[in-house]
Amino acid sequence: MSIDPQLLGHLIVIGFTFFMLLNSAAVLVLAERKVAAFVQQRYGPYLVGPWGTLQPLADIIKLMFKEELRPKAADTFLFYLAPILAATAAFAAFAVVPFGADTDFSTFARITGLTYFFGWKGLAQPIPLAAADVNVGLLVIFAITSMGVYGIVLAGWSSNSKYSLLGGLRSSAQMISYEISYGLSFAAIIMLAGSLSLRTIVDAQDGYWFGFVPKWYIFLQPLGFFIFMVAGIAETNRAPFDFPEAEQELVAGYHTEYSSMSFALFFLAEYVNMVTVSAVATDLFLGGWHGPFPLPPGFEWIWFLAKVGLLLFFYIWMRWTLPRYRYDQLMEFGWKWLLPLAVINLIITAIFFVKFGS
Amino acid sequence: MDALLFWIMALVAVAASVMVVGQRHPMYSVLLLILSFAALAGLYVLLDAPFVAAIQIIIYAGAIMVLFLFVVMLLNVPTEEISTGDRLRMLTAGPRRFGAALAFVLVVELFWALQRSPSAAVEAGQPGPVMSVRDIGIRLFTDWVFAFEATSVLILVAMVGAIVLARKETH
């Protein structure tokens, strides 16, 4: 039986994506604690490993060995289903995000010595660097992100605790309110690129204006980028929109009753969602793997990684800088400011698009 | 492969829909309905209509069912008691006959619709017309523009009506 190298390449890309997402959560835990410490003029974790780099590992081991608790009056099935749903939706959303140009791994083979030692010159045809290449990718991301709320809502309800329930209720209201602005900021980009495929949208941002300004959509859609990031932060329930788990009001919100690994799954989901929003923002507004100057073929993903890292830092920075909104302010901001702004942005984009073409 | 996937998803859709009615707790009914919608979306993908599938998930599973959950959670509906058939006996003969007649009409309509559906192209083994997002948009805003606009006005009216009914009078 022979193995198709193309198929094997695809499988490796899928496995690699999953592996990197898992690790990104660990890296983000450390980054969050280090940035928080920096903002608050502390040292942060520094005992476990050099510069505290093994702290996430210690955290995970601690969580694994903790006792799994369940409230007596909780709905057993939904109580355990909720964290699984949250984590699954978070991982599934990233599946359609491309993180590099199509590659045949020839440069990779040359550098790692695979060509020298084994005579492997790379794949016969280039394969896309994404777990799945879907032509309605943007809609799929939107659909799966909207499913992510169920994990939180079910966790809130099945715990049978008033704090959890309030967290779940807030989460569903918040998600519905900000989803519309989120979708409308997508729509302007879809109009500009004329496609729902993330790969086509990234490739439409290739090239430079006046020879040095990269053709990124952030320069055409600064307002769109702002709306996308605000709605994205709200969708991922991060500060200043972290109402479902507002400590001062709700103990820990929807995951008050969770412990051990089921608690860890919620954390994992939150960080993976952050990565997904940052990656989608990079693909839509920051030119994906196209940078201010071109990198050798096969290494474009470095740009992608750098931009995602920058956005993630921004995320963490926000959390430790801005105080939480009040709940009525959150709703007012979402419906009375962000949504009209998104509609106006869409109309202006449409007018310019019809007037000046592409 | 396609046939196998079709049967799996069709089975899930039908079984989940039946179980929606059979559940004692509204929370589980809502979740099973979401499962049924997801299976339907899978069927749309098999029909080469990924756009419709994505929209199905976004609108039904993503938005409408979240509102359903919201209401179920807010009202905290208790688990239904096991009924002993008293409720059926509460209805007099008149309503029961009316219900039976309605059910009969529904079955007739269903058969009529299935008879009329253009299944000839599918049976001949030809692939159906692939609807791209652009095609759907053009159709929607040319051929069906009246229905489209009428629906949006209808939804707006319903929305205003709901707000008026739910609003507390503050004088």
Side-chain angles (χ1 to χ4, degrees), chain A residues 75 77-79 81-82 85 89 92-93 96 132-160 162 164-180 182-183 186-187 190-191 194-197 235 254, chain B residues 19 23-42 44-79 130-138 141 155 159 163:
Chain A
D75 187 314
F77 178 67
L78 291 183
F79 188 76
L81 182 71
L85 267 184
V96 288
D133 191 19
V134 187
N135 63 354
V136 288
L138 210 46
L139 285 178
V140 172
I141 290 176
F142 196 54
I144 297 175
T145 332
S146 65
M147 298 300 285
V149 67
Y150 286 115
I152 295 174
V153 173
L154 287 181
W157 182 80
S158 65
S159 303
N160 213 339
K162 58 184 172 231
S164 304
L165 184 69
L166 281 172
L169 281 175
R170 282 179 170 195
S171 166
S172 54
Q174 182 178 331
M175 288 277 215
I176 290 177
S177 306
Y178 281 78
E179 217 165 50
I180 308 169
Y182 196 57
F186 278 11
I190 295 170
M191 212 188 307
S195 171
L196 285 168
S197 154
E235 288 273 298
Y254 63 95
Chain B
M19 280 160 77
Q23 286 303 317
R24 297 234 170 270
H25 203 290
M27 198 67 162
Y28 281 91
S29 297
V30 171
L31 293 176
L32 282 164
L33 199 55
I34 296 166
L35 182 67
S36 168
F37 284 146
L40 265 185
Y44 288 137
V45 172
L46 282 184
L47 286 172
D48 273 333
F51 178 73
V52 183
I55 293 296
Q56 162 94 2
I57 295 283
I58 293 170
I59 294 178
Y60 284 100
I64 293 180
M65 294 322 281
V66 174
L67 285 176
F68 268 65
L69 268 192
F70 197 80
V71 171
V72 170
M73 279 165 67
L74 266 183
L75 297 181
N76 214 357
V77 192
T79 313
V130 176
M131 292 290 273
S132 73
V133 181
R134 189 179 293 272
D135 291 340
I136 292 175
I138 289 170
F141 285 100
I155 292 172
M159 206 158 73
I163 290 170

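By convention in this document, chain letters (A, B, ...) are assigned in the order of the sequence lines, proteins followed by strands, and residues within each chain are numbered from 1.
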>> For B/A63 versus A/I176, what's the shortest heavy-atom pair and its separation?
In response: O-CD1, 4.2 Å

>> Counting heavy-atom pairs closer than 4.5 Å to chain B, which one of A/V140, A/L78, A/T145 comes out on top?
In response: A/L78

> For B/Y28, which residues count as a side-chain hydrogen bond (donor to acceptor under 3.5 Å, both in side chains) partner, sequence neighbours excluded?
Replying inline: A/D75

> Relative to chain A, which segment of B/L31 carries a heavy atom at a distance below 4.5 Å: side chain, backbone, both, or neither?
Replying inline: side chain

> Where on A/L196 is there a heavy atom nearer than 4.5 Å to chain B: the side chain, the backbone, both, or neither?
Replying inline: side chain

> With a 4.5 angstrom heavy-atom cut-off, which part of A/V136 approaches chain B: side chain, backbone, both or neither?
Replying inline: side chain

> More than 12 foreign heavy atoms under 6.0 Å from CE of B/M19: is that the case here?
Replying inline: no

> Do you know the tightest heavy-atom contact between A/A143 and B/I57?
Replying inline: CB-CG2, 3.5 Å

> B/F141: what forms a ring pair (Phe, Tyr, Trp, His ring centres under 6.0 Å) with it, not counting sequence neighbours?
Replying inline: B/F148

>> Would A/V149 and B/L69 count as a side chain to side chain contact (heavy atoms under 4.5 Å, CB included) here? Give the steps.
In response: CA-CA 11 Å; A/V149 67; B/L69 268 192; over 6 Å; no

> For B/M27, is it the side chain, the backbone, both, or neither that has a heavy atom closer than 4.5 Å to a heavy atom of chain A?
Replying inline: side chain

>> Between B/I34 and A/M147, does the side chain to side chain contact (heavy atoms under 4.5 Å, CB included) criterion hold? Intermediate values first, please.
In response: CA-CA 10 Å; B/I34 296 166; A/M147 298 300 285; 3.8 Å; yes

